[in-house]
Q: 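The structure that follows is given in the form of structure tokens.
Here is how names work: the chains are called A, B, and so on, in the same order as the sequence lines, proteins then strands, and each is numbered from 1.
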Number of protein chains: 2
Amino acid sequence: MKIMIVEDDLTIRDMVGETLEKWGFETVKIEEFDQIMQVFLNHDPHLVIMDINLPSFDGFYWCNKIREISKVPMIFLSSRDTPMDIVMSMNMGGDDYIQKPFYMDVLIAKMNALLRRTYSYLETHSKTMEHDGIVLNLDDGEVLHGDQKSDLTKTEFLILKILMQNKGTIVNRRKMMRSLWKDENFVDENTLTVNIARLRKKLGELGKEYFITTKKGQGYIIQ
Amino acid sequence: MKIMIVEDDLTIRDMVGETLEKWGFETVKIEEFDQIMQVFLNHDPHLVIMDINLPSFDGFYWCNKIREISKVPMIFLSSRDTPMDIVMSMNMGGDDYIQKPFYMDVLIAKMNALLRRTYSYLETHSKTMEHDGIVLNLDDGEVLHGDQKSDLTKTEFLILKILMQNKGTIVNRRKMMRSLWKDENFVDENTLTVNIARLRKKLGELGKEYFITTKKGQGYIIQ
DNA sequence: AGGAAACCTTAATATAAACTTACAGCTTGA
DNA sequence: TCAAGCTGTAAGTTTATATTAAGGTTTCCT
């Protein structure tokens with residue numbers, strides 16, 4: 001996700017930019033405030049962080065200019081603190097308003113919420129677990145390895161999920177069975193073995209034959 | 001626009017409700033806090049205002065419950081004031097956070113911004129959903145594929161809409177039934193199967209026989 | 001090394017989830 | 001008021017997946 005930062009205070013600009021990059025965002029920082037529109041058009045960012053107090057024209061002005069051509073999500077920053085400033089920001093076409101000084105955690109959280117709302121399709125691609133090249137998609141019950149994929153059944157999926165949640169520690173068979181079937185008394189010991197085997201076979205087809213290790217007498221583990 | 005208000009403080013509830021109505025919103029106020037889900041399902045509001053401190057379960061809990069079946073815009077209210085509360089609210093699936101006491105102007109402005117962002121399709125007149133060549137018209141319940149079309153019944157339409165809204169993720173049968181019939185206890189399990197079959201038949205006639213995939217034991221999915 | 005417990009493999013069988021088809025009660029509108 | 005279409009129910013069938021069973025390995029301990 002590409003974020004455009006429009007902020008004239010160098011300290012804040014750098015701090016915000018750095019933190020966002022640490023979080024995996026791509027950033028575009030404005031340094032020449034008369035070229036905001038060019039930069040916006042060239043980079044086509046997914047979200048804009050806009051300070052209100054700027055040299056020459058203010059943030060509202062630029063928001064207006066941008067809104068003429070785009071519905072990009074926009075969060076205003078400002079040290080002003082009257083309700084009128086918030087109301088203004090929203091009415092000018094902004095999506096949120098954060099008062100300075102602010103916590104970066106809050107900015108990130110608000111950005112994520114807004115991005116989720118705007119680009120909701122991205123949400124579905126984010127609920128996954130990963131380990132050593134194997135990606136387990138929690139939404140559609142698929143495992144991926146590189147460009148290969150395989151469908152898991154309900155039980156296989158649960159087993160893999162439990163093992164990945166506990167990666168690095170041994171999960172013993174009894175515990176596993178209790179999670180899978182609640183009353184372990186009524187299902188055969190061997191049922192788990194067979195399910196593990198099926199899961200291993202599918203992982204093997206993805207080239208990860210030894211993803212799950214047996215610890216004899218103790219249980220299974222993903223290392 | 002219909003707004004659901006979940007707030008146990010009677011003074012605030014009435015004040016908010018009155019003001020919203022003065023602004024032309026339709027309001028639904030929760031009075032029995034164990035019936036939030038029923039009310040939500042029955043009214044299907046466009047936005048939810050959610051207090052965090054509630055009797056028995058808190059606002060985060062109900063947010064989670066609602067998020068299992070809906071992406072409705074949600075604004076949290078709370079008198080707590082640490083940055084962590086804001087971050088929590090966003091991470092739980094909220095869109096915004098307003099600290100009490102607040103100005104009604106601010107609430108209204110934030111609501112409007114969020115509604116504008118969420119329902120922007122209303123402005124652009126593109127009341128359709130599209131995926132993989134299938135276009136669902138939200139106005140008249142028609143599906144299009146290329147130059148072919150087919151009329152859907154109410155139930156078929158809802159099923160397809162729910163699946164398309166959640167494309168890429170498995171929607172389990174129970175959740176589906178809860179959305180379709182509110183009180184799942186009174187309709188047969190098989191009714192859903194039959195409706196899915198009828199919908200599939202129509203999609204099949206448009207040449208999209210395998211648009212909806214069954215994940216046995218898990219639910220249905222559009223990939 | 002030898003034996004036993006723990007685990008694996010394969011294939012047959014059972015089971016419950018989902019599908020199909022047919023039908024009857026309702027609505028709706030001509 | 002009667003036909004047409006929507007909707008849910010029922011009964012019987014299919015099918016994906018879980019389970020059982022039987023015989024084969026591996027591992028580890030004495």
Q: CG of Leu192(A) versus P of dA21(D): gap in Å, rounded?
A: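 Distance check: Leu192(A) CG to dA21(D) P gives 17 Å.
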Q: Under the salt bridge (Lys or Arg N to Asp or Glu O under 4.0 Å) test, which residues partner Arg200(B), sequence neighbours left out?
A: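 Once residues adjacent in sequence are excluded, Arg200(B) has no partner under the salt bridge (Lys or Arg N to Asp or Glu O under 4.0 Å) criterion.
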Q: Lys201(A) NZ to dT17(D) P: how many Å, rounded?
A: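 That distance rounds to 13 Å.
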Q: Using side-chain contact (heavy atoms from CB on, under 4.5 Å) as the criterion, list what pairs up with Asp81(B), not counting sequence neighbours.
A: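 Testing Asp81(B) for side-chain contact (heavy atoms from CB on, under 4.5 Å), a comparison that skips the adjacent residues, returns Gln99(B).
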Q: Return the set of residues passing side-chain hydrogen bond (donor to acceptor under 3.5 Å, both in side chains) with Ser150(B) (not counting sequence neighbours), or none when no residue passes.
A: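 Expected list: none.
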Q: Give, ordered by number, those residues of residues 153-165 of chain A having at least one heavy-atom distance below 4.0 Å to an atom of DNA chain D; if nothing qualifies, reply none.
A: Thr153(A), Thr155(A)
Q: For the pair made of CG in Asn195(A) and P in dA16(D), what is the distance, rounded to whole Å?
A: 17 Å
Q: When the distance from CG of Asp188(B) to P of dA22(C) is rounded to whole Å, what number comes out?
A: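 Answer to the nearest Å: 19 Å.
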Q: Can you pull every protein N or O that's under 3.5 Å from an N or O on nucleotides 1-8 of chain C?
A:
residue: dA6(C); atom: O3'; partner: Gly217(A); partner atom: N; Å: 3.4
residue: dA6(C); atom: N3; partner: Lys216(A); partner atom: NZ; Å: 3.0
residue: dC7(C); atom: OP1; partner: Gly217(A); partner atom: N; Å: 2.9
residue: dC8(C); atom: OP1; partner: Arg200(A); partner atom: NH1; Å: 2.7
residue: dC8(C); atom: OP1; partner: Thr214(A); partner atom: OG1; Å: 2.7
residue: dC8(C); atom: OP2; partner: Tyr220(A); partner atom: OH; Å: 2.8

Q: May I ask you to decide if Leu114(A)'s main-chain N or O and Thr118(A)'s side chain share a donor-acceptor pair within less than 3.5 Å?
A: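 Here the side-chain-to-backbone pair exists.
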Q: Need to verify one output field. Residue with the more 5' nearest nucleotide on DNA chain D, Asp151(B) or Thr191(B)?
A: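 Final value for this comparison: Asp151(B).
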Q: Listing request: all ring pair (Phe, Tyr, Trp, His ring centres under 6.0 Å) pairs with a residue in residues 72-96 of chain B, at least two apart in sequence or in separate chains.
A: Phe60(B)-Phe76(B)
Q: Under the rule for side-chain contact (heavy atoms from CB on, under 4.5 Å), what residues qualify as partners of Lys161(A), not counting sequence neighbours?
A: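 In terms of side-chain contact (heavy atoms from CB on, under 4.5 Å), with neighbours along the sequence ignored, Lys161(A) is linked to Met129(A), Leu136(A), Leu138(A), Phe157(A), Gln165(A).
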Q: How would you list, by chain and number, every residue that makes a side-chain contact (heavy atoms from CB on, under 4.5 Å) with Asn190(B), sequence neighbours excluded?
A: Asp188(B), Thr193(B), Val194(B)
Q: Going by the salt bridge (charged side-chain N to carboxylate O under 4.0 Å, His left out) test, which pairs reach into residues 205-223 of chain B, not counting sequence neighbours?
A: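 Every salt bridge (charged side-chain N to carboxylate O under 4.0 Å, His left out) pair that includes a residue of residues 205-223 of chain B, provided the two are not neighbours, is Asp151(A)-Lys215(B), Asp132(B)-Lys208(B).
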Q: Going 5' to 3' through nucleotides 23-30 of chain C, assign each nucleotide B (protein heavy atom under 4.0 Å from a base atom), S (under 4.0 Å only from sugar-phosphate atoms) or - (no protein heavy atom that close).
A: --------
Q: Please identify each residue that fulfils salt bridge (Lys or Arg N to Asp or Glu O under 4.0 Å) with Lys65(B), with sequence neighbours left out.
A: none
Q: Is the phosphate of dG8(D), meaning OP1 or OP2, less than 4.0 Å from a side-chain N or O of Trp181(B)?
A: yes
Q: Thinking salt bridges, do Arg174(A) and Glu189(A) make one under a 4.0 Å N-O criterion?
A: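 Salt bridge flag = yes for Glu189(A) with Arg174(A).
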Q: Roughly how many Å is it from CE in Met176(B) to C1' in dA18(C), rounded to a whole number?
A: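 Distance, rounded to whole Å: 14 Å.
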Q: In this structure, how many angstroms lie between the P atom of dG5(D) and the CG atom of Leu152(B), rounded?
A: 16 Å
Q: Only pairs at least two apart or in different chains count here, so list each salt bridge (charged side-chain N to carboxylate O under 4.0 Å, His left out) that has a residue in residues 95-105 of chain B.
A: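 Every salt bridge (charged side-chain N to carboxylate O under 4.0 Å, His left out) pair that includes a residue of residues 95-105 of chain B, provided the two are not neighbours, is Lys110(A)-Asp96(B), Arg117(A)-Asp95(B), Glu7(B)-Lys100(B), Asp51(B)-Lys100(B), Arg67(B)-Asp95(B), Asp96(B)-Lys110(B).
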Q: Write down the distance between CG (Leu180(B)) and C1' (dG8(D)), rounded to a whole number of angstrom.
A: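 Those two atoms, CG and C1', are 13 Å apart.
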